[in-house]
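Bear in mind that the values here come from a model prediction, so they are computed numbers and not experimental data. One is the number of the first residue; the rest follow in order along the sequence. Both counts, for ligands and for their atoms, begin at 1 and track the order of listing.
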Amino acid sequence: MSKKIHSTSKIVLIGDARVGKTSLVRRFVTNMFDPSYQITLGTTIMKKDVEYLNYLVTLAIWDVGGQEVFKKVRSKYYFGSKGALAVCDATNMTTYENLKSWVESFIEVVGVKPIVFLANKCDLELQVTEDDMKEIVEDHTNAEFLFTSAKDGTNAELAFTNLVRLIIQEEDVI
Ligand code: G3D
Ligand code: MG
């Protein structure tokens, strides 16, 4: 039996308030959807092990409050991240349009890192299209996209495991 290569990676969730960041983390970490909603005050850090090939990655998942009030301190939260999940609400075009500035502020702090773009709430009627998501991904190196639902679980786990794969692939290249 081959020994796993163990590492720890910090990742952050970015995107407007109420797009479903906390729900996605909760779905991934505990496999539950909690409809009773709590505003994320400051930052929550959740840990979960993800296996990929012969790697065992302990993810430290930083869930940054999306509220405007936290704008000034965001860079502190981004610092040291190996990658990000950039989340919009698939029923709300404005949250998609805001992704660009979220990602810019992330890159300003940590440089170009793997990003998985998520159009969440895909259990509802979509406004954001597959072409929209392709367009934003094309503008970035080492990026992918998925439509997710924290509510019914669609692609919630894949969002995190795909990001882990991109992070490992990037580190292998260096
Ligand atoms: P945030 O962390 O990005 O601010 P939250 O977002 O995870 O707190 O979610 C915001 C609201 O969207 C919550 O609604 C939550 O239940 C809902 N939500 C999150 N993900 C999904 C999803 O995939 N599908 C649907 N239909 N709703 C989702 P409430 O009304 O509970 O405040
Ligand atoms: Mg939240």
Side-chain angles (χ1 to χ4, degrees), residues 9-48 50 59-110 113-134 136-137 140 143-164:
S9 289
K10 171 182 173 177
I11 61 164
V12 287
L13 281 96
I14 57 179
D16 286 357
R18 299 193 55 79
V19 296
K21 299 181 298 299
T22 302
S23 302
L24 282 164
V25 175
R26 199 176 294 139
R27 164 64 71 185
F28 175 60
V29 174
T30 66
N31 202 25
M32 275 170 56
F33 179 76
D34 182 1
S36 66
Y37 169 74
Q38 291 256 314
I39 291 177
T40 312
L41 294 169
T43 303
T44 312
I45 304 165
M46 300 259 240
K47 291 207 167 167
K48 180 151 166 158
V50 177
L59 278 186
I61 307 162
W62 289 49
D63 181 17
V64 181
Q67 289 70 18
E68 288 302 298
V69 73
F70 295 118
K71 222 167 191 166
K72 286 196 188 114
V73 288
R74 267 180 211 158
S75 58
K76 290 202 178 83
Y77 296 122
Y78 296 161
F79 188 77
S81 302
K82 299 247 178 92
L85 293 175
V87 190
C88 71
D89 176 341
T91 71
N92 180 335
M93 248 356 243
T94 308
T95 67
Y96 166 79
E97 281 151 12
N98 287 342
L99 279 180
K100 279 204 171 98
S101 72
W102 279 104
V103 168
E104 271 165 25
S105 68
F106 175 72
I107 291 174
E108 253 171 47
V109 177
V110 300
K113 298 280 172 195
I115 296 176
V116 177
F117 288 90
L118 304 178
N120 188 46
K121 309 196 187 181
C122 73
D123 55 289
L124 302 174
E125 198 177 321
L126 302 179
Q127 298 294 324
V128 177
T129 65
E130 187 115 355
D131 282 346
D132 293 328
M133 295 304 282
K134 276 185 190 149
I136 200 158
V137 161
H140 293 88
E144 294 181 359
F145 75 88
L146 285 169
F147 282 80
T148 58
S149 168
K151 186 170 186 176
D152 68 19
T154 304
N155 288 338
E157 180 161 356
L158 204 57
F160 290 86
T161 53
N162 280 5
L163 184 58
V164 167

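Listed by number with element, the atoms of ligand 1 under 4.0 Å from a non-hydrogen atom of K21 are 1 (P), 2 (O), 3 (O), 4 (O), 6 (O), 7 (O). Close contacts of ligand 1 with D123, meaning ligand atoms under 4.0 Å from a residue heavy atom, involve 22 (C), 23 (O), 24 (N), 25 (C), 26 (N). Close contacts of ligand 1 with A17, meaning ligand atoms under 4.0 Å from a residue heavy atom, involve 4 (O).
Minimum interatomic distance between V87 and N120 (heavy atoms only, all atoms of both residues): CG1-CB, 3.9 Å.
Residues satisfying the side chain to side chain donor-acceptor pair (under 3.5 Å) criterion with D152, sequence neighbours excluded, are S149, T154. For K121, the salt bridge (Lys or Arg N to Asp or Glu O under 4.0 Å) criterion is met by D89, not counting sequence neighbours.
Proximity of L124 to ligand 1, defined as any heavy-atom pair under 4.0 Å, is confined to the side chain (atoms from C-beta onward). Under 4.0 Å from ligand 1, not a single heavy atom of V87 appears. Proximity of V19 to ligand 1, defined as any heavy-atom pair under 4.0 Å, is shared by backbone and side chain alike.
With distances taken over non-hydrogen atoms, the option nearest atom 7 (O) of ligand 1 out of G15, S23, A156, S149 is S23. Closest heavy-atom approach to atom 1 (P) of ligand 1 among the candidates K121, K151, R18: R18.
Rounding to the nearest 0.5 angstrom, the gap separating the CD atom in E157 from the OG1 atom in T148 is 13.0 Å.
Considering both main-chain and side-chain atoms, C122 never comes within under 3.5 Å of ligand 1 through any nitrogen or oxygen pair.
F106 has its side chain within reach of K113: a pair of non-hydrogen atoms, C-beta onward, lies under 4.5 Å apart. With contacts defined as side-chain heavy-atom distances shorter than 4.5 Å, the pair W102/C88 does not qualify.
Checking S23 against the Mg ion (ligand 2), every N/O/S atom stays at or beyond the 2.8 Å cut-off.
A cation-pi geometry, defined here as NZ or CZ lying under 6.0 Å from the six-membered ring centre and within 45° of its normal, does not hold between K48 and F160.
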